[in-house]
Participant: 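The structure under discussion is supplied below as structure tokens; questions concerning it will follow.
Basis for what follows: all heavy atoms, side chains included, without hydrogens, waters or symmetry-related copies. Protein chains get the first letters and strands the later ones, always in sequence-line order, with residue 1 at the start of each.
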There are 2 protein chains.
Amino acid sequence: MFSKSCEYGLRAVIFIAQQSIEKNKVNISTISEEINSPQAFTAKILQQLTRNNIVKSVKGPHGGFTVEEHKMDIRLSEVVSVLDGDSIYKGCGLGLKQCDANSPCPLHYKFIEIRDNLKNMLENTSLKSVINDMYLEEIILKR
Amino acid sequence: MFSKSCEYGLRAVIFIAQQSIEKNKVNISTISEEINSPQAFTAKILQQLTRNNIVKSVKGPHGGFTVEEHKMDIRLSEVVSVLDGDSIYKGCGLGLKQCDANSPCPLHYKFIEIRDNLKNMLENTSLKSVINDMYLEEIILKR
DNA sequence: CATAAAAAGGATAATAAGGTCTTTTAATCT
DNA sequence: AGATTAAAAGACCTTATTATCCTTTTTATG
Ligand code: FES
Ligand code: FES
């Protein structure tokens, strides 16, 4: 469904956001431990997220990553489109160059329903709401 | 969503099935032209589908591929699991090694809903029904 | 100001996915 | 039987993704 980058990226952002709420900055080695991801690769992904203003990074001693208060409202869809582009929202399920209701592929109508559900789910899910849900039940970011 | 193999494979099977209903065998070069896919690669994919008894192949002059009458009832889910395995039906959206409601990831409940929709769609869609739908409207397999 | 901590950036390596080519096997038709 | 046609099989190549390593830059603090 998502690329590895995107999977790690989502887990990382969620972890950082959660820690930011508790006023903690977290560094890459902590992040990759807590979400069980390859450290250097995760650093690369976080660079992208930083450049796209999804997370904030601070260099130097006591530096690390945070999600700023006003960024808690961003939707998971934004994280996904930074890391995986938007082909998942727009592409044809059978790989045709363009998905278009005017000349649909055999799966078009059935597929766009699922694709749109995914899109809506990601667009309606804010980082904040994910974090809130995590306090209601034992939720994990690594296994 | 699906791998390239799976996209080409689904398109190929649908094309072959459609031709089989019209009593035509089709060879690889026709298939790859009609679904706009790389020929040699498509041949590889069809080998897999043949080994898994989804399509039937006949060598030699007037050979080619067909979908036999009694195979018209197979579900798209079978084609997908032959080509892409079943991680798409079972895997965690955030890439955890196992998806498990007992220790869910932050997206678990929202994600399994979409994943199950996809699964059901594929399990409820037979090859025959896809072909039938194609006679009702202008549907395309290449672009 | 030196030092240490941390992210950023560049280069490279490993693996997987996507794709091609050549040889072998089998069927059909003179 | 021999020529021809077509798929099967396997070796090989290419590209993209995933992952690591190492150097540079930034910055807080003693
Ligand atoms: S054309 Fe294939 S999903 Fe729309
Ligand atoms: S644990 Fe992640 S989707 Fe179920």
Participant: Rounded to whole Å, please give me the gap between CD1 in B:I45 and P in D:dA8.
Facilitator: 13 Å
Participant: Separation of A:K59 atom NZ from D:dT29 atom P, in whole Å?
Facilitator: 17 Å
Participant: Between D:dA6 atom C1' and B:L46 atom CG, what is the distance in whole Å?
Facilitator: 13 Å
Participant: Is A:I28 touching bases, backbone alone, or none of the nucleic acid, heavy atoms closer than 4.0 Å?
Facilitator: sugar-phosphate
Participant: Checking B:R115 side chain against B:G91 main chain: does a donor-acceptor pair fall under 3.5 Å?
Facilitator: yes
Participant: Does C:dG19 have its OP1 or OP2 closer than 4.0 Å to a side-chain nitrogen or oxygen of B:Y8?
Facilitator: yes
Participant: Under 4.0 Å between a side-chain nitrogen and a carboxylate oxygen: does that hold for B:E78 and B:R75?
Facilitator: no
Participant: Looking only at side-chain N and O atoms, does B:S5 come under 4.0 Å of OP1 or OP2 in C:dA17?
Facilitator: no
Participant: Does A:S57 make a side-chain N or O approach to OP1 or OP2 of C:dA8 shorter than 4.0 Å?
Facilitator: yes
Participant: Using only side-chain N and O atoms of A:S29, determine if any of them is under 4.0 Å from OP1 or OP2 of C:dA6.
Facilitator: no
Participant: If only side-chain N and O atoms count, and only distance matters, is there a donor-acceptor pair under 3.5 Å linking A:E137 with B:Y109?
Facilitator: yes
Participant: So which of A:D133, A:L141, A:L76, A:I131 actually passes side-chain contact (heavy atoms from CB on, under 4.5 Å) with B:P106?
Facilitator: A:L141
Participant: Between atom CZ in A:F41 and atom C1' in C:dA8, what is the gap in whole Å?
Facilitator: 16 Å
Participant: In whole angstrom, what separates A:N52's CG from C:dA7's C1'?
Facilitator: 16 Å
Participant: Under 4.0 Å between a side-chain N or O of B:H62 and OP1 or OP2 of C:dC29?
Facilitator: yes
Participant: Please report the distance, rounded to the nearest Å, between CG in A:N27 and P in D:dA28.
Facilitator: 16 Å
Participant: From NZ of B:K56 over to P of D:dA6, roughly how many Å is that when rounded to an integer?
Facilitator: 17 Å
Participant: Ignoring backbone atoms, establish whether B:T50 has a side-chain N or O less than 4.0 Å from OP1 or OP2 of D:dA7.
Facilitator: no
Participant: Considering only heavy atoms and no angle criterion, is a donor-acceptor pair shorter than 3.5 Å present between the side chain of B:K44 and the base of C:dT20?
Facilitator: yes
Participant: Could you tell me how the ring of A:Y8 sits relative to the ring of A:F41: parallel (under 30°), tilted (30 to 60°) or perpendicular (over 60°)?
Facilitator: perpendicular
Participant: Could you tell me whether B:G60 contacts a base, only the sugar-phosphate backbone, or nothing, with contacts defined as non-hydrogen atoms closer than 4.0 Å?
Facilitator: base
Participant: For A:Q47 and D:dT25, what is the distance between atoms CD and C1' respectively, to the nearest whole Å?
Facilitator: 12 Å
Participant: At less than 4.0 Å, is any side-chain N or O atom of A:R51 found next to OP1 or OP2 of C:dG9? Yes or no.
Facilitator: yes
